Amino acid sequence: MATEVSFSIETPGGPREVTVAYERVGTGEPLLLLHGIGHYWQAWAPVIPVLAAERDVIAIDLPGFGASPALPDGVAYDLPTVTATLGSFCAALGIERPHVAGNSLGGLLALELGREKLVRSVTALSPGGFWSQAERLYAFGTLRAMRQGARALPVPAIERLARSAAGRAALTSTIYARPGRRSADAVVAETLALRHAPGFVQTLAAGLEVQFTDDVPDIPVTVAWGTRDRLLLRRQGIRAKHAVPGARLVRLPGCGHVPMSDDPALVSRVILDTSR
């Protein structure tokens with residue numbers, strides 16, 4: 001059962017209270033894990049046991065996803081607001097400059113936390129923000145279709161599909177190269193998380209103009225891309241390397257957009273190597 005913490009953030013309309021759900025396990029230097037749009041902290045479950053052997057792992061549900069409530073009415077889901085919210089979350093837990101690893105939206109947020117000097121290292125797995133206009137339109141259209149599918153299917157149909165390898169592929173092959181590795185329960189849970197996420201629409205809308213073009217100097221940065229990423233194509237990693245020239249660019253062979261399930265050992269090693 002995830003823990004919750006509430007804290008105040010500054011907004012144009014004054015201080016507002018935000019509540020965030022998170023899981024915390026392990027010992028060592030703090031490591032913050034940030035999931036992608038429509039996902040939840042459990043996306044990291046395949047790698048948490050390895051990471052927790054060496055790190056104090058804090059895996060959070062971003063505001064409006066998983067068990068975290070939506071941001072207060074009128075509070076934007078844009079990059080500056082969510083980045084500042086993550087900084088306030090760390091302060092509320094007494095964590096100063098954690099390492100951070102993020103996937104997709106979480107990877108973009110991780111890079112922004114690095115740019116703002118709020119973290120001590122960044123591992124970004126298929127981060128958003130390095131797309132061309134056509135690539136962004138394709139990715140956002142795919143995400144909307146996934147969300148519509150998750151909302152349209154009756155729960156018994158989702159459960160029935162998740163019981164077979166072919167059904168799990170139908171539900172999740174856009175983000176996993178090896179969907180058969182996901183359990184039926186995990187596929188049902190993440191499909192329902194996508195279905196119910198109150199922050200999905202506003203987060204996607206906030207991404208319409210996002211392009212990450214700034215360097216992230218003075219801290220270790222790794223950008224890692226699955227060779228079978230069907231959502232954010234791996235050539236975007238080359239653009240990330242141009243934007244952040246000091247970053248280490250790593251291929252994740254055989255991995256899809258959410259690589260933590262496709263190759264937990266490799267992803268864990270990349271994160272731990274970056275956060276030494």
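Computed from a predicted model, the values in this text were never measured in an experiment.
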* **Candidate list Leu233, Val250, Leu232, test side-chain contact (heavy atoms from CB on, under 4.5 Å), partner Trp225, passing option** => Leu232
* Asked: In terms of hydrophobic clustering (I, L, V, M, F, W, Y; side-chain heavy atoms under 4.5 Å; direct or indirect links), are Tyr40 and Val155 co-clustered?
  -> no
* Ion pair Arg16/Glu10, N-O distance below 4.0 Å -> no
* Hey, does the side chain of Thr227 reach the backbone of Gly254 with a donor-acceptor pair shorter than 3.5 angstrom? -> yes
* Asked: How many angstroms lie between atom OG1 of Thr222 and atom CG of Leu125, to the nearest 0.5 angstrom?
  -> 9.5 Å
* Asked: Would you say the side-chain atoms of Lys241 pair up with the backbone N or O of Ala247, donor to acceptor, closer than 3.5 Å?
  -> yes
* When hydrophobic residues are tied together by side-chain contacts of less than 4.5 Å, even through go-betweens, does Val244 share a cluster with Leu105? -> yes
* To do: Verify, without hydrogens or angle tests, whether Arg181 (side chain) and Asp262 (backbone) share a donor-acceptor contact under 3.5 angstrom.
  => yes
* Is it the case that one hydrophobic cluster holds both Val210 and Leu137, taking links as side-chain heavy atoms less than 4.5 Å apart, direct or via other members? -> no
* Going by heavy atoms in the side chains, are Leu113 and Leu34 under 4.5 Å from each other? -> yes
* **Rounded distance [0.5 Å steps], OG in Ser261 versus CZ in Arg178** => 9.5 Å
* Shortest non-hydrogen separation from Val20 to Asp61 and the atoms involved -> CG1-O, 3.6 Å
* Is Arg228 reaching over with its side chain to a backbone N or O of Cys255, donor-acceptor style, under 3.5 angstrom? -> no
* Above 12 or not: heavy atoms from other molecules or residues under 6.0 Å from CD of Glu96? -> no
* **Which atom of Phe140 lies closest to which atom of Leu204, heavy atoms considered** => CE2-O, 3.3 Å
* Short N-O contact, Asp229 and Arg234, less than 4.0 angstrom -> no
* To do: List the steps, then state whether side-chain contact (heavy atoms from CB on, under 4.5 Å) holds for Ser8 with Glu17.
  => CA-CA 4 Å; Ser8 179; Glu17 186 172 275; 5.7 Å; no
* Taking the side chain as C-beta and beyond, is there a heavy-atom pair between Leu194 and Met146 under 4.5 Å? -> yes
* Atom OG of Ser104 and atom NE2 of His35: how far apart are they, to the nearest 0.5 Å? -> 10.5 Å
* Asked: Side-chain contact, heavy-atom cut-off 4.5 Å: Thr85 with Pro63?
  -> yes
* **Atom pair CZ (Phe212) and CD (Glu112), whose distance is rounded to the nearest 0.5 Å** => 5.5 Å
* Drop me the distance from Thr203's OG1 to Leu62's CG, to the nearest 0.5 angstrom. => 8.0 Å
* To do: For the pair Val100 and Thr123, evaluate side-chain contact (heavy atoms from CB on, under 4.5 Å) and give the outcome as yes or no after the intermediate values.
  => CA-CA 6 Å; Val100 63; Thr123 306; over 6 Å; no
* Beyond-backbone contact of Thr191 with Leu161, side-chain heavy atoms, under 4.5 angstrom -> no
* Asked: Is there a side-chain contact between Leu111 and Val221 (heavy atoms, below 4.5 Å)?
  -> yes
* **side-chain contact (heavy atoms from CB on, under 4.5 Å), paired with Pro98, selected from Cys90, Ser275, Ser121** => Cys90
* Asked: Side chain of Gln211, backbone of Trp131: donor and acceptor closer than 3.5 Å?
  -> yes
* Does Arg195 reach the main-chain N or O of Leu153 with its side chain, forming a donor-acceptor pair under 3.5 Å? -> yes
* Given the rule that I, L, V, M, F, W and Y join up when any side-chain heavy atoms are under 4.5 Å apart, are Tyr138 and Val258 in one cluster? -> no
* Side-chain (Asn103) to main-chain (His257) donor-acceptor, under 3.5 angstrom -> yes
* Asked: Does the ring centre of Tyr22 sit less than 6.0 Å away from the ring centre of Phe89?
  -> yes
* To do: Please determine, by modelled atom types, if Thr274 and Arg248 share a side-chain donor-acceptor pair under 3.5 angstrom.
  => yes
* To do: Output, in order, the C-alpha distance, side-chain angles, deciding distance and verdict of side-chain contact (heavy atoms from CB on, under 4.5 Å) for Val267 and Val50.
  => CA-CA 10 Å; Val267 171; Val50 175; over 6 Å; no
* Side-chain donor/acceptor of Glu135 to backbone N/O of Ser132, under 3.5 Å -> yes
* To do: Would you name the heavy atoms of Arg147 and Ala197 that are closest together and state the gap between them?
  => NH1-O, 3.0 Å
* Asked: Can you tell if the side chain of Ile48 reaches within under 4.5 Å of the side chain of Leu33, non-hydrogen atoms only?
  -> yes
* Asked: Between Thr27 and Arg55, is a side-chain contact (heavy atoms from CB on, under 4.5 Å) present by the stated rule, with each step listed?
  -> CA-CA 5 Å; Thr27 55; Arg55 299 285 181 271; over 6 Å; no
* Which atom of Tyr77 lies closest to which atom of Gly64, heavy atoms considered -> OH-CA, 4.2 Å
* **ILVMFWY network linking Phe65 to Val82, side-chain heavy atoms under 4.5 angstrom** => yes
* **Distance, nearest 0.5 Å, that separates CG of Asp185 from CD of Gln42** => 12.0 Å
* Structure fact -> side-chain contact (heavy atoms from CB on, under 4.5 Å) test vs Glu190 passes for just one of Val187, Leu192, Val188, namely Val187
* Could you tell me whether Arg24 and Asp56 have a side-chain N and a carboxylate O separated by less than 4.0 Å? => yes
* Asked: Side chains of Glu116 and Thr83: closer than 4.5 Å at any heavy-atom pair?
  -> yes
* **Heavy-atom closest pair, residues Ala206 and Asp78** => CB-CA, 3.9 Å
* Is the closest side-chain heavy-atom distance between Pro253 and Leu266 below 4.5 Å? -> yes
* NE2 (His196) with more than 12 external heavy atoms under 6.0 Å -> yes
* Any idea which heavy atoms bring Ile158 and Leu171 closest together, and the distance? -> O-CD1, 4.0 Å
* Give a yes or no on whether Gln133 atom CD has more than 12 heavy-atom contacts from other residues, nucleotides or ligands under 6.0 Å away. => yes
